[in-house]
Amino acid sequence: MEQKNNALCSYLSDPVIFADFINGSILNGEKAVSPGQLSDRETVTCQKEGTVHPQKPRYVERRRDVLKAVFHDDCYIVIGIEAQDRVDYAMPVRCMEYDVTEYKRQLKELKNNRKEKLPGEEFFSGMAKDEKLNPVTTIVFYHGKDPYDGCTDLHNMLDLNKENKTFKRFISDYHVNLITANDLDETKFETGMRELVGFLKRQEDKTKLMGYFQENEERIRKMDEETFDTVSILLHLPKKISRLRKSTEGDGTDMCKAIREWAADERNAGMIEGEKRGQAKGEKRFASLTAALMASERLADLGRAVSDETFRDSLYREFAL
């Protein structure tokens with residue numbers, strides 16, 4: 001599981017892919033973000049949270065999957081992407097903590113960059129009255145196979161029944177920006193994200209997967225190496241599939257041959273498994289027939305059933321096996 005998330009996080013860290021993901025997912029294809037606007041934000045922060053001993057402060061590490069600032073003139077917005085291949089039932093609290101940590105970091109940056117000490121209430125607040133923090137948002141990209149059945153709002157995590165319901169309007173909510181592969185329209189993307197999303201949406205249906213492959217063979221043939229490797233890991237393609245990559249026209253990789261080989265392996269594996277199940281079922285059925293004939297002391301019929309298939313079938317019907 002961790003390998004899948006690591007591969008996807010590495011892929012989304014590329015500025016071109018990051019911009020395409022944001023544009024194609026939450027912005028519905030609008031080209032509002034370009035790679036040149038992006039700047040990496042530190043994905044690991046350490047926050048001081050209380051002390052065990054006055055002389056020994058306790059620091060807690062917060063680690064983000066992907067975190068970038070999108071600049072517009074003299075302002076920016078911080079966007080984080082959390083890749084999930086399994087449901088996290090505490091996701092609203094987790095995302096809220098991520099975003100609060102980023103806001104606290106901005107407050108610290110304001111303080112460190114300030115040349116003069118603030119007066120009065122501004123000093124107490126840690127920021128001047130006319131200062132503004134830059135907005136922060138987190139996108140949760142769920143790429144797991146099972147439907148996401150976790151909460152996407154803080155209120156849904158809370159016990160707000162009975163007497164607590166009276167106070168619901170005073171309790172701040174927090175919404176999770178959840179994106180699942182099935183929610184996405186792959187045609188909204190311009191990079192390898194198009195193929196990655198296309199494959200993810202169809203990973204559980206081999207027929208649909210092969211249909212998508214055949215309809216988009218030209219683009220898939222020219223798939224870049226990073227997309228190829230990420231798709232291979234996310235779809236659990238066998239290692240030997242990766243070795244089938246070959247250069248086409250000097251760049252890119254030929255995934256077409258790899259997909260065909262994989263589909264053939266899947267069919268062969270299915271046939272072998274079917275044969276094994278059929279054999280096991282036949283052996284179990286004959287064992288039941290043997291037991292029935294021995295209980296009836298019909299040893300001669302048992303001997304004949306071993307070599308006479310027609311007679312054996314008649315005995316199966318006789319004993320309802």
Side-chain angles (χ1 to χ4, degrees), residues 1-14 17-18 20-22 24-26 28-29 65-66 81-88 91 139-150 152 177-245 252-274:
M1 293 294 185
E2 185 177 355
Q3 179 70 1
K4 282 188 173 184
N5 268 352
N6 289 343
L8 187 56
C9 291
S10 175
Y11 187 68
L12 290 169
S13 296
D14 183 284
I17 300 298
F18 185 96
D20 193 37
F21 176 78
I22 297 301
S25 59
I26 63 173
N28 198 34
D65 285 348
V66 185
I81 301 176
E82 293 300 311
Q84 289 288 123
D85 59 2
R86 62 179 62 185
V87 178
D88 185 342
M91 204 72 210
I139 312 300
V140 178
F141 183 26
Y142 177 68
H143 56 98
K145 295 180 179 180
D146 299 323
Y148 194 94
D149 60 355
T152 56
N177 300 304
L178 177 70
I179 298 292
T180 72
N182 288 334
D183 293 332
L184 298 174
D185 177 357
E186 60 266 25
T187 65
K188 302 291 186 181
F189 300 96
E190 297 184 341
T191 65
M193 275 299 305
R194 175 180 292 193
E195 284 68 51
L196 186 143
V197 169
F199 281 117
L200 276 180
K201 289 172 63 174
R202 299 162 177 85
Q203 61 180 317
E204 289 300 288
D205 190 322
K206 298 298 189 297
T207 301
K208 290 183 178 179
L209 187 65
M210 289 305 299
Y212 173 76
F213 159 69
Q214 291 169 357
E215 292 172 5
N216 299 274
E217 185 168 345
E218 186 59 32
R219 277 186 61 93
I220 293 171
R221 186 183 301 281
K222 299 177 181 178
M223 185 183 294
D224 63 277
E225 184 174 335
E226 287 301 317
T227 302
F228 183 101
D229 289 342
T230 306
V231 169
S232 296
I233 292 173
L234 293 179
L235 268 64
H236 276 309
L237 299 186
K239 289 184 178 179
K240 72 173 186 176
I241 297 300
S242 296
R243 294 196 293 269
L244 290 172
R245 292 186 310 183
T253 54
D254 185 1
M255 196 173 192
C256 298
K257 181 179 179 181
I259 289 292
R260 290 194 186 96
E261 291 280 348
W262 177 53
D265 287 347
E266 290 288 308
R267 285 195 297 271
N268 292 336
M271 292 173 62
I272 293 172
E273 183 61 28

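Note: S232 OG to M223 CE = 8.5 Å, rounded to the nearest 0.5 Å. One distance of note links CD1 of I17 with OG of S10; it measures 10.5 Å at 0.5 Å rounding. Between the CD1 atom of I26 and the CG atom of N177 there is a distance of 7.0 Å, given to the nearest 0.5 Å. Here the NZ-CD1 distance, from K4 to I233, works out to 10.5 Å after rounding to the nearest 0.5 Å. Put simply, CG on L8 and CZ on F21 are 8.0 Å apart, with the number rounded to the nearest 0.5 Å. Taken from CG in L235 to OG1 in T230, the straight-line distance is 11.0 Å, to the nearest 0.5 Å.
Proximity of E204 to K145: side-chain heavy atoms (C-beta onward) are separated by under 4.5 Å at one or more points. The closest side-chain heavy-atom distance from Y148 to N182 is not below 4.5 Å. Y11 has its side chain within reach of L196: a pair of non-hydrogen atoms, C-beta onward, lies under 4.5 Å apart. Contact of the F228 side chain with the I220 side chain is not registered, since no non-hydrogen atoms from C-beta on lie closer than 4.5 Å.
Listed for the D20 side chain is a donor-acceptor partner under 3.5 Å among the backbone atoms of E190. The main-chain N or O of L184 is found under 3.5 Å from a side-chain atom of K201 such that the two form a donor-acceptor pair. Listed for the E82 side chain is a donor-acceptor partner under 3.5 Å among the backbone atoms of D65.
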I'd like to know whether F141 forms a side chain to side chain contact (heavy atoms under 4.5 Å, CB included) with V66, so could you lay out the CA-CA distance, the side-chain angles of the two residues, the decisive distance to 0.1 Å, and finally the verdict. CA-CA 11 Å; F141 183 26; V66 185; over 6 Å; no
Could you go step by step and tell me if L209 and Q203 meet the side chain to side chain contact (heavy atoms under 4.5 Å, CB included) rule? CA-CA 6 Å; L209 187 65; Q203 61 180 317; 5.7 Å; no
Derivation of the side chain to side chain contact (heavy atoms under 4.5 Å, CB included) call for R194 and K188: CA-CA 7 Å; R194 175 180 292 193; K188 302 291 186 181; over 6 Å; no
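Applying side-chain contact (heavy atoms from CB on, under 4.5 Å) to Y142 and the options V87, I179, D85 leaves one that passes, V87.
Using a cut-off of 4.0 Å between Lys/Arg side-chain N and Asp/Glu carboxylate O, E186 and R219 are scored as not salt-bridged.
For the residue pair D183/T180, the side-chain donor-acceptor check at 3.5 Å is satisfied. Using modelled atom types and a 3.5 Å distance limit, the side chains of T187 and D185 yield a donor-acceptor pair.
Between F213 and F199, a ring centre-to-centre spacing not shorter than 6.0 Å is recorded.
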